[in-house]
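Here's the structure we're looking at; comments come further down.
Scope of the values below: all heavy atoms of this structure, side chains included, with no hydrogens, waters or symmetry mates.
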Amino acid sequence: MTTAAAPQSRPGPRPAPAGRGHRAGPRPPFALDPAVALALIAVGAVGVLALWWASTPAVVGAAGWLTGAGRITGLLAGYAAPVLLLLMARLPPLERGVGADRLARWHAFGGRWLVAAVSVHVLTVVWGYALTDGRGPVGEGVEVVLHYPEMIKATLGTLLLLGTGAVSARAARRRLSYETWYYLHLATYLAVALAFSHQLATGADLGGGPGRAAWYALYFGTAALLGWYRLARPWLLDRRHRLRVAEIRPEGPGVVSLFLTGRRLDELRAESGQFFRLQFQAPGLRWAANPYSLSAPPHPRFLRFTVKDLGGHSAAVAVLRPGTPVRAEGPYGAFTGRRLRRRRVLLLGAGVGITPLRALFETLPGELTLVQRARRPEDLLFRAELAEVARRRGAVVHELLGARAEVGDLGAALTRLVPGLPEHEVYLCGPEALTGEAVRALRAAGARPGRIHHESFSL
């Protein structure tokens, strides 16, 4: 383990110093608290269960219990599908209050639950109908698919949903590039659309009154929000701001900083710690919007992002030509100074996860300590810039170098580097393995869970 002071800043245009930095606009007007968001989802689930309860006077026999279980899981799966889409619809109140990282974790958990609910729904309904009709489960399954209304489309939707769940499993996900996973994941939209008509045609629990009206409102409202925030709004922002690549600057092995210019950038109301989804209008890149964090405080004339070669998309970004148009969705994320409640702050990052911390290091108020974790000195990013910011602000920068065996216990190492560690508020960003280890180490060292703000930086 080694700690080292970084060298002096190299010349070149840099963002404005802390204290004179440009704020991109007023504080966002509304952010939905995570607890409130979960409560709203739970209230909706209770309402769905009430639909089944109101339409089920009695449950008799094994066939009745199986069919009832199938109806319950079908209703809950039908409710969960649009909710999961809304979590990823990039709604500003959710992005500001809950944060993109937490939303992604909720979405992943909910996706696994949805696949399980759909599987139970199919098995229990077919089994229950088979007992009622005196057929075997396979024969009953064929009968349901071929002769019940809208069931062929529902079957195709189910297969698409199960396939999407399979490629999203952790073991499969690690073998896919972000771009491949992104395109395959779009099948979810088609799966939900195919299953919707089946729910209306065979969903006796929805009835013909308020339940059915609420179902229409949920699905069509979700479609409208997705259309606005995922399609229309990014197009309008593109027309307004006209973002272009201004410069590509090497930062280290496989790492470049991307400078974008445009019009009225202050109206984006971006904050340090946030990210954008960038869609580069260049061959091979224009159909995927990948997430990149701001690596400097937002400026009225430019935005800076730092990109590491983690796949085909990010590698192609490094060779973009100045002037390339860029469509940007955002800003997104709650990994900002609005979470700050204490004056003493620790920023802990590794790899390209240091990028949002670099911007926060320049803008967060208080007594700041930044620790950058890396195996080798050449893997460190922004050494000169961080040293310059630390000099101006009277802050502290540490470089925690070496393999895990050399560093030893991360909590002990941080305690040595950061006096009074339990009294610090912590901003943590890096690869998933580091994030998990750091959270455990910080808690063991006495840091309170509510003061540890972390954002995963893994694909």
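- Remark: the backbone N or O of Leu320 is not paired with any side-chain donor or acceptor of Thr324 at under 3.5 angstrom.
- The closest side-chain heavy-atom distance from Ser293 to Gln274 is not below 4.5 Å.
- A donor-acceptor contact shorter than 3.5 Å is absent between the side chain of Tyr427 and the backbone of Phe361.
- Evaluated for a salt bridge (Lys or Arg N to Asp or Glu O under 4.0 Å) with Arg304, the options Glu247, Glu362, Glu385 yield exactly one hit, Glu385.
- The closest side-chain heavy-atom distance from Thr369 to Val345 is not below 4.5 Å.
- The backbone N or O of Arg338 sits less than 3.5 Å from a side-chain atom of Arg341, completing a donor-acceptor pair.
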### Task
Apply ring-ring contact (aromatic ring centres under 6.0 Å, His included) to Phe276 and Tyr292, showing your working.
CA-CA 6 Å; Phe276 286 76; Tyr292 295 111; over 10 Å; no
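- Between His424 and Arg448 there is no side-chain heavy-atom pair separated by less than 4.5 Å.
- Using the six-membered ring where Trp is involved, Trp215 and Tyr219 have ring planes that are tilted, between 30° and 60° apart.
- Ala359 and Ser272 get closest at one heavy-atom pair: O-OG, 3.5 Å.
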### Task
Applying side chain to side chain contact (heavy atoms under 4.5 Å, CB included), run through Trp53 and Leu51 and close with a yes or a no.
CA-CA 6 Å; Trp53 182 267; Leu51 288 175; over 6 Å; no
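- Taking CG from Leu428 and CG from Leu357, the interatomic distance works out to 8.0 Å, rounded to the nearest 0.5 Å.
- Shown here for Ala69 and Thr124, the closest heavy-atom pair between the two residues is C-OG1, 3.9 Å.
- Checked by atom type and distance alone, the side chain of Arg249 never pairs as donor or acceptor with a backbone atom of Ser257 at under 3.5 Å.
- Side-chain contact between Val396 and His398 is present, with at least one heavy-atom pair separated by less than 4.5 Å.
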Can you give the donor-acceptor pairs under 3.5 Å from side chains of residues 258-265 to other protein atoms, not counting sequence neighbours?
| residue | atom | partner | partner atom | Å |
| --- | --- | --- | --- | --- |
| Arg263 | NE | Arg240 | O | 3.4 |
| Arg263 | NH2 | Arg239 | O | 3.1 |
| Arg263 | NH2 | Arg240 | O | 3.3 |

### Message
Go through it in stages, so that I can follow the logic: the residues are Leu49 and Leu76, the test is side chain to side chain contact (heavy atoms under 4.5 Å, CB included), and I'd like the CA-CA distance, side-chain angles, deciding distance and then a yes or no.
### Response
CA-CA 8 Å; Leu49 291 175; Leu76 289 174; 4.1 Å; yes
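- For the pair Glu399 (side chain) and Leu380 (backbone), a donor-acceptor distance under 3.5 Å is absent.
- Scanning both residues, Ala374 and Asp379, for their nearest heavy atoms gives CB-CB, 4.0 Å.
- The main-chain N or O of Leu218 is never found under 3.5 Å from a side-chain atom of Tyr79 such that the two would form a donor-acceptor pair.
- Using a 4.5 Å heavy-atom cutoff, the side chains of Leu386 and Gln372 are in contact.
- The shortest side-chain heavy-atom distance between Leu38 and Trp106 falls under the 4.5 Å cut-off.
- Between Ile354 and Leu370 there is a side-chain heavy-atom pair separated by less than 4.5 Å.
- Using a distance-only test at 3.5 Å, with no hydrogens or angles considered, no donor-acceptor pair links the side chain of Arg375 to the main chain of Leu401.
- The structure places CG of Leu434 at 8.5 Å from CZ of Arg404, a figure rounded to the nearest 0.5 Å.
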#### Entry: Working for side chain to side chain contact (heavy atoms under 4.5 Å, CB included), residues Val371 and Leu346
CA-CA 8 Å; Val371 177; Leu346 167 64; 3.8 Å; yes
### Query
Please walk me through it: do Leu243 and Asp238 pass side chain to side chain contact (heavy atoms under 4.5 Å, CB included)?
CA-CA 7 Å; Leu243 288 171; Asp238 176 58; 5.8 Å; no
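- Using a cut-off of 4.0 Å between Lys/Arg side-chain N and Asp/Glu carboxylate O, Arg443 and Glu437 are scored as not salt-bridged.
- With hydrogens and angles left out, the side-chain atoms of Glu425 and His453 include a donor and acceptor closer than 3.5 Å.
- Note: Ile452 CD1 to Arg440 CZ = 11.5 Å, rounded to the nearest 0.5 Å.
- Arg342 places no side-chain N or O within donor-acceptor distance of the main-chain N or O of Arg451, the cut-off being under 3.5 Å.
- Here the straight-line distance linking atom CG of Leu400 with atom CG of Leu414 works out to 6.5 Å at 0.5 Å rounding.
- With hydrogens and angles disregarded, no donor-acceptor distance shorter than 3.5 Å links the side chain of Glu329 to the backbone of Arg327.
- Atom CG of Leu348 is separated from atom CG of Leu417 by 10.0 Å, given to the nearest 0.5 angstrom.
- Of the inter-residue distances, the one linking Leu278 atom CG with Leu303 atom CG reads 9.0 Å to the nearest 0.5 angstrom.
- Minimum interatomic distance between Gly330 and Leu268 (heavy atoms only, all atoms of both residues): O-CD2, 4.4 Å.
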Without placing hydrogens or testing angles, list every side-chain donor-acceptor pair under 3.5 Å for residues 228-236, not counting sequence neighbours.
| residue | atom | partner | partner atom | Å |
| --- | --- | --- | --- | --- |
| Arg230 | NH1 | Met88 | O | 2.9 |
| Arg230 | NH1 | Tyr189 | OH | 3.2 |

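- Considering only heavy atoms from C-beta on, Leu294 stays 4.5 Å or farther from Thr355 through its side chain.
- A side-chain donor-acceptor contact under 3.5 Å links His121 to the backbone of Gly70.
- For the residue pair Pro82 and Thr222, the shortest heavy atom distance occurs at CB-OG1, 3.5 Å.
- In this structure, Ala445 and Thr415 approach most closely via the heavy-atom pair CB-OG1, 3.9 Å.
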